[in-house]
Amino acid sequence: MITGGITKSMLVKDLRRLGVEKGMTIIVHSSYKAVGRVVGGPVSVILALEEAIGPNGNLVMPTQTEHLCEPSEHEGNLSPEEIEFIKDNMPIYYPDLTPTSYMGIIPELFRKQDGVFRSSHPHMSFAAWGKESKRITKDHGLHYALNEKSPLGKIYDVYGRILLLGAPADSNTSLHLAEYRQQNSFVKPKVWAVKMLMDGHEQWTTYDDINNESDDFELIFNEFKMNTSAVSEGRVGEAMSYLIPQREMVDYALGWMNRNRREYRDIENT
């Protein structure tokens, strides 16, 4: 047994065994802690992912910035005066500077890497490296931030994969793509406030979206995994990991949501 830690080359071999191949487009959700003691830390994890897919592949990670939302969305017990003070002094989103919120150390380092492009959405950005990274992150519209025109939709179009690298199933951002296609009324409209540069001035405005929900993502994943052979399962380092065809899972999730979500919400509210 090797006691010095997990190396980059070991991670590449684990990714290969999981099914990662050169030229793949992969969106990664990660827990560095779950991977274990890595020689070189999270940098080695990023380099292993890039080596596994090669320069003709595309590595994508969510780099969302919840801390830039209106303070009332994520901070409780604030007076109206405190909310206005925070809003007045909050910076706008800078793709090259603004840190991620609750994404973990791997995407936070990844977004800073030379050759990585980051999309322009002030709350729901993605970063990408690889052959099509500029196209994947380009023209990320403000409204309906995770729809088919977002980076998620572009991954869907090229039959990309989802890699849960020690991350929980409810972190699977791709399943939000299915929500915009739902044929029931489970998901409600949502208006988000955002501070942006407009006409040369920083000011607050709003954009339209839906009230995304992830509480049932683990249920969807478990049923998908049970009913298909498409999910590859194995350890990368010490992290239990899953390689999933994004299009197949999103399509499955859409059917699941149409069948179950109204009933699921009724159960949750009883």
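The structure presented is a predicted model; accordingly, all values stated were derived computationally and were not measured. Just so you know, residue 1 is the first one in the sequence shown, and it goes up from there.
Side-chain contact between W129 and E50: present, with at least one pair of heavy atoms (C-beta onward) separated by less than 4.5 Å. Put simply, the side chain of I244 reaches to within 4.5 Å of the side chain of F221, judged on heavy atoms. Using a 4.5 Å cut-off on side-chain heavy atoms (C-beta onward), V45 and K8 make no contact. V194 has its side chain out of reach of L68: every pair of non-hydrogen atoms, C-beta onward, lies at least 4.5 Å apart. For the pair D215 and D170, the minimum side-chain heavy-atom distance is 4.5 Å or more. M198 is listed as a side-chain neighbour of T205, based on a closest heavy-atom distance under 4.5 Å. Residues E213 and E179 meet the side-chain proximity criterion, which asks for heavy atoms closer than 4.5 Å. In this structure the side chain of P122 reaches within 4.5 angstrom of the side chain of L142, judged on heavy atoms.
Under the side-chain contact (heavy atoms from CB on, under 4.5 Å) criterion, L197 pairs with I92, E202, not counting sequence neighbours. Applying the side-chain contact (heavy atoms from CB on, under 4.5 Å) rule to E218 yields the partners A169, N222; only residues at least two apart in sequence or on another chain are considered. Applying the salt bridge (Lys or Arg N to Asp or Glu O under 4.0 Å) test to R181 and every residue at least two apart in sequence or in another chain returns nothing.
Checked by atom type and distance alone, the side chain of Q246 pairs as donor or acceptor with a backbone atom of Y156 at under 3.5 Å. A distance-only check finds no donor-acceptor pair linking the side chain of R111 to the backbone of V116 [under 3.5 Å]. Distance alone, capped at 3.5 Å, places no donor-acceptor pair between the S171 side chain and the A167 backbone. A donor-acceptor pair under 3.5 Å links the side-chain atoms of S101 to the main chain of E66, judged by distance alone. The backbone N or O of N147 lies less than 3.5 Å from a partner atom in the side chain of S150, making a donor-acceptor pair. Judged purely by atom type and a 3.5 angstrom limit, R37 has no side-chain atom pairing as donor or acceptor with the backbone of G5. Using a distance-only test at 3.5 Å, with no hydrogens or angles considered, a donor-acceptor pair links the side chain of R16 to the main chain of V20. The closest donor-acceptor contact from the side chain of H143 to the backbone of D208 lies under 3.5 Å. Judged by distance alone, the side chain of K138 and the main-chain N or O of S133 form no donor-acceptor pair under 3.5 Å. Remark: side-chain polar atoms of S31 are paired, donor with acceptor, to backbone N or O of A34 under 3.5 angstrom.
Ring pair H123/W192 is perpendicular by interplanar angle, where above 60° counts as perpendicular and below 30° as parallel.
One finds no salt bridge joining R235 and E238 here, because no Lys/Arg side-chain nitrogen approaches an Asp/Glu carboxylate oxygen to under 4.0 Å. Taking the charged nitrogens against the carboxylate oxygens, K87 and E82 have no contact shorter than 4.0 Å, which rules out a salt bridge. The residues D14 and R17 are annotated as salt-bridged, a charged nitrogen and a carboxylate oxygen being separated by less than 4.0 angstrom. Of the charged side-chain nitrogens involved, at least one lies within less than 4.0 Å of a carboxylate oxygen, so that D216 and R261 count as a salt-bridged pair.
Between L59 and M61, the shortest heavy-atom contact is CD2-CE, 4.0 Å. Nearest heavy-atom pair, A178 versus V250, reported as atom, atom and distance to 0.1 Å: CB-O, 3.7 Å. P42 and I106 make their closest contact through CB-CG1, 4.0 Å (heavy atoms, listed as atom of the first residue, atom of the second, distance). Nearest heavy atoms, D88 versus K195: O-NZ, 3.1 Å. Between L11 and G237, the shortest heavy-atom contact is CD2-N, 3.7 Å. In this structure, Y93 and S125 approach most closely via the heavy-atom pair OH-CB, 3.3 Å.
Remark: the N258 side chain and the Q182 side chain contain no N/O donor-acceptor pair separated by less than 3.5 Å. No donor-acceptor contact under 3.5 angstrom links the side chains of Y252 and R247, judged on distance only. Judged by distance alone, the side chains of Y180 and D209 do bring a donor and an acceptor atom under 3.5 Å apart. For the residue pair E108/T100, the side-chain donor-acceptor check at 3.5 Å is satisfied. If you check the side chains of Y102 and H67, you find no donor sitting under 3.5 Å from an acceptor. Between the side chains of T98 and T65, no donor-acceptor pair is found at a separation under 3.5 Å.
Hydrophobic clustering, with ILVMFWY side chains joined whenever heavy atoms are under 4.5 angstrom apart, keeps F117 apart from I53. Put simply, L47 and V12 are part of two different groups of oily side chains (I, L, V, M, F, W, Y) that touch within less than 4.5 Å, one to the next. The hydrophobic clustering, which links ILVMFWY residues whose side-chain heavy atoms are closer than 4.5 Å, places M103 and I162 apart. V35 and I105 end up in the same hydrophobic cluster when Ile, Leu, Val, Met, Phe, Trp and Tyr side chains are linked at under 4.5 Å. No single ILVMFWY cluster, assembled from side-chain heavy atoms under 4.5 Å apart, contains both L254 and F217.
The number of heavy atoms from other shown groups lying within 6.0 Å of NZ (K225) is above 12. Heavy-atom neighbours of K190 NZ from other residues, nucleotides or ligands within 6.0 Å: above the threshold of 12. When the shell of 6.0 Å around NZ of K13 is examined, it contains 12 or fewer heavy atoms from other residues, nucleotides or ligands.
Atom CG in L15 sits 7.5 Å away from atom OG in S241 (nearest 0.5 Å). Atom CZ of R118 and atom CG of L97 lie 9.0 Å apart (nearest 0.5 Å). Atom CD1 in I220 sits 5.0 Å away from atom CH2 in W256 (nearest 0.5 Å).
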message: As a quick check of understanding, evaluate side-chain contact (heavy atoms from CB on, under 4.5 Å) for N212 and L146, giving each step before the final call.
response: CA-CA 9 Å; N212 298 113; L146 301 175; 4.2 Å; yes

query: Would T25 and R161 satisfy side-chain hydrogen bond (donor to acceptor under 3.5 Å, both in side chains), going step by step from the backbone distance to the final call?
result: CA-CA 6 Å; T25 295; R161 268 74 166 185; over 6 Å; no

task: Could you go through the side-chain contact (heavy atoms from CB on, under 4.5 Å) check for I26 and N58 one step at a time?
output: CA-CA 6 Å; I26 296 178; N58 298 289; over 6 Å; no

- prompt: Taking it one step at a time, do T173 and H29 satisfy side-chain contact (heavy atoms from CB on, under 4.5 Å)?
  reply: CA-CA 8 Å; T173 310; H29 303 274; 3.0 Å; yes

query: Should I27 and L163 be marked as a side-chain contact (heavy atoms from CB on, under 4.5 Å) after you check the CA-CA gap, both sets of side-chain angles, and the distance that decides it?
result: CA-CA 6 Å; I27 179 169; L163 174 60; over 6 Å; no

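Each of Y144, Y207, F126 was checked for a ring-ring contact (aromatic ring centres under 6.0 Å, His included) with H121, and the lone residue meeting it is Y207.
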